[in-house]
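First comes the structure, then the notes that go with it.
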Number of protein chains: 2
Amino acid sequence: MKKESKETIEKRSDCPISCTMDLVGDKWSLLIIRDLLYLGKTSYNEFLSSGEKISTNILNDRLVKLTEDGLITYTGTSKRKIYKLTKKGLDLKPILEAIAVFGIKHSCANKEFLRHVKKVMEL
Amino acid sequence: MKKESKETIEKRSDCPISCTMDLVGDKWSLLIIRDLLYLGKTSYNEFLSSGEKISTNILNDRLVKLTEDGLITYTGTSKRKIYKLTKKGLDLKPILEAIAVFGIKHSCANKEFLRHVKKVMEL
DNA sequence: AATTAAACTTGCAAAATGCAAGTTTAACTT
DNA sequence: AAGTTAAACTTGCATTTTGCAAGTTTAATT
């Protein structure tokens, strides 16, 4: 018996910012999008191996939700699924970029990693 | 006895996107920032009255955390605090704008509300 | 058919959130 | 200056989400 991933998609308000946060405003979704956009990752195991150490149940849950929400799709069999962003998902790119710009300016991240990220993101 | 708002600020990785998500990647922080940036709200009760119905304990927790993280500050007494964004907090503006653009394109939000948001955000 | 490894599930502990009270505190009123 | 008001904040407990450490299923490969 599969658990339904979300019974009622609770929309907190009509504000477009709030709506977008209802879609991707959790700890993990945008990191999966980042993996797809910038790190060339396309499969379950590749997402799993990312530095932030997402756990398997959460990863599965997010992949289902992101698919349901039309941000990603996959091809291939259930043994090897290849995920990619939909058109709608690609529209998240400016958000990721703005987040990266902020992070590069204010974080924390080590210099070497930053050089790598900037190169990958063409910033 | 006050509860400490966050014992260890867990940083999941050195990725600037991940770092930024560790700061504001929760259900509520960016909505408070939105209130400050676009809706002219500056006080506890004004944040409370936003459409998404944040509860008082969460609002208090987020205001403390955002202050600790240097994204907002306040003036005034403990009876009437006036919050505003720091320079660092203002650097979140491009993120909010990108989120709004996505939300406006893809949501959900009703037409009237959208007109209002676009006007306020000067989009 | 047996093996392998990717994809997915399960069960339970820990943390975050939601809700409905309450209390504290400073300003405003007599 | 005592009493009232309302904004800011706390508390306790239920619910939900996340984290972790197993497991199982499934389709390619041998």
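When reading the values below, keep in mind they use all heavy atoms of this one structure, side chains included, and skip hydrogens, waters and symmetry mates. Small disclaimer: the values here were computed from a predicted structure and weren't measured.
- At whole-Å resolution of the value, CG in A:Leu31 and C1' in D:dT18 are 14 Å apart.
- Counting to the nearest Å, the P atom of D:dT5 and the CZ atom of B:Arg80 are 17 Å from each other.
- Scanning all heavy atoms of the two residues, the minimum distance from B:Lys88 to A:Phe102 falls at O-CE1, 3.3 Å.
- Here B:Leu23 contributes atom CG and B:Asp69 contributes atom CG; the two are 5.0 Å apart, rounded to the nearest 0.5 Å.
- The CD1-C1' distance, from A:Ile82 to C:dA7, rounds to 12 Å in whole Å.
- Between A:Lys65 and A:Asp61 there is a salt bridge, since a side-chain N of the basic residue sits under 4.0 Å from a carboxylate O of the acidic one.
- Within the structure, a side-chain polar atom (N or O) of A:Ser78 is placed less than 4.0 Å from OP1 or OP2 of D:dA27.
- Residue-level contact check: B:Phe47 touches neither bases nor backbone, having no heavy atom under 4.0 Å from any strand.
- Note: OH (B:Tyr44) to P (C:dA27) measures 18 Å, nearest angstrom.
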Enumerate the protein-to-nucleotides 17-19 of chain C contacts in which both atoms are nitrogen or oxygen and the separation is below 3.5 Å.
unit_1	atom_1	unit_2	atom_2	d
C:dT17	OP2	B:Arg62	NH2	2.4
C:dG18	OP1	B:Lys27	NZ	3.1
C:dG18	OP2	B:Trp28	NE1	2.9
C:dC19	N4	B:Asn57	OD1	3.4
C:dC19	N4	B:Asn57	ND2	2.4

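- Atom NZ of B:Lys79 is separated from atom P of C:dC28 by 8 Å (rounded to the nearest Å).
- Distance OG/A:Ser13 to CD/B:Glu52: 3.5 Å, rounded to 0.5 Å.
- With D:dA8, C:dA7, D:dA27 as the candidates, the nucleotide lying closest to the side chain of A:Asn45 is C:dA7.
- The separation between B:Asn60 atom CG and D:dA7 atom P is 16 Å, rounded to whole Å.
- Between B:Thr77 and C:dA26 there is no side-chain N or O to OP1 or OP2 distance below 4.0 Å.
- A donor atom on one side chain and an acceptor atom on the other are found under 3.5 Å apart for A:Asn57 and A:Ser55.
- A chain of hydrophobic side-chain contacts below 4.5 Å, direct or via other Ile, Leu, Val, Met, Phe, Trp or Tyr residues, connects B:Ile33 to B:Leu90.
- The CD atom of B:Glu46 sits 14 Å away from the P atom of D:dC9 (whole-angstrom rounding).
- Whole-Å rounding puts the A:Tyr74 OH to D:dT26 P distance at 14 Å.
- B:Ile82 and B:Leu36 fall into different hydrophobic clusters, where Ile, Leu, Val, Met, Phe, Trp and Tyr residues are linked whenever their side-chain heavy atoms come under 4.5 Å apart, directly or through other members.
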